[in-house]
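Residue numbers start at 1 and run along the sequence shown.
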Amino acid sequence: MLLRRDWESRLQLAVCEIRDYGASFVRVCRRLHALLHGLLDSLSPQQLPSERAELRLLHELAEPARKYRDLMDVVGLQCGRLTGLAL
């Protein structure tokens, strides 16, 4: 029997561990932000709240570590470089 997951469960499954364990790494945060931001245009209105919640969680987890990072990295995360690959 296959488990059927709703959108919120699938999104959490896809990003939860990456977010939790990668929040201290600027590139991980930037790329995850790019992924979540990139989804905005393709999601239905019913799916947007869970996607925005994931973005909010990412920013909340990344916030305490920001004071220790290079300023350009912080600016890159805040601006949401859409490729997630900025140097």
Side-chain angles (χ1 to χ4, degrees):
M1 178 176 180
L2 292 176
L3 217 71
R4 301 200 112 194
R5 296 183 184 266
D6 62 356
W7 167 251
E8 186 175 353
S9 297
R10 289 179 187 203
L11 184 62
Q12 287 176 352
L13 180 65
V15 301
C16 182
E17 287 186 23
I18 297 168
R19 181 191 64 238
D20 290 347
Y21 295 106
S24 61
F25 299 99
V26 174
R27 287 185 179 173
V28 172
C29 289
R30 191 181 304 135
R31 289 175 180 164
L32 188 53
H33 183 273
L35 169 82
L36 292 169
H37 194 310
L39 286 173
L40 286 173
D41 294 335
S42 62
L43 297 179
S44 69
Q46 296 84 8
Q47 295 170 323
L48 287 175
S50 56
E51 190 276 341
R52 288 188 176 132
E54 291 296 331
L55 268 173
R56 189 172 44 256
L57 286 170
L58 175 62
H59 285 282
E60 288 172 7
L61 281 176
E63 188 63 36
R66 285 183 181 184
K67 62 182 175 182
Y68 301 111
R69 295 187 184 139
D70 180 62
L71 181 59
M72 290 307 292
D73 288 333
V74 174
V75 170
L77 178 59
Q78 289 173 340
C79 294
R81 292 179 182 148
L82 295 181
T83 62
L85 302 173
L87 299 175

Looking only at heavy atoms, which two atoms of Gly22 and Cys29 are closest? And how far apart? O-SG, 3.8 Å
For Glu51 and His37, the nearest pair of non-hydrogen atoms, with its separation, is OE2-N, 3.9 Å
Say whether [X] and [Y] are linked into one hydrophobic cluster, either directly or through other cluster members, by side-chain heavy-atom distances under 4.5 angstrom.
| X | Y | answer |
| --- | --- | --- |
| Phe25 | Ile18 | yes |
| Leu35 | Val28 | yes |
| Val15 | Leu48 | yes |
| Trp7 | Leu55 | yes |

Using the test salt bridge (charged side-chain N to carboxylate O under 4.0 Å, His left out), find all partners of Glu54 that sit at least two apart in sequence or belong to another chain. Arg19
From Asp6 atom CG to Gln12 atom CD, the distance as rounded to the nearest 0.5 Å: 8.0 Å
Is any side-chain heavy atom of Leu11 closer than 4.5 Å to one of Leu39? yes
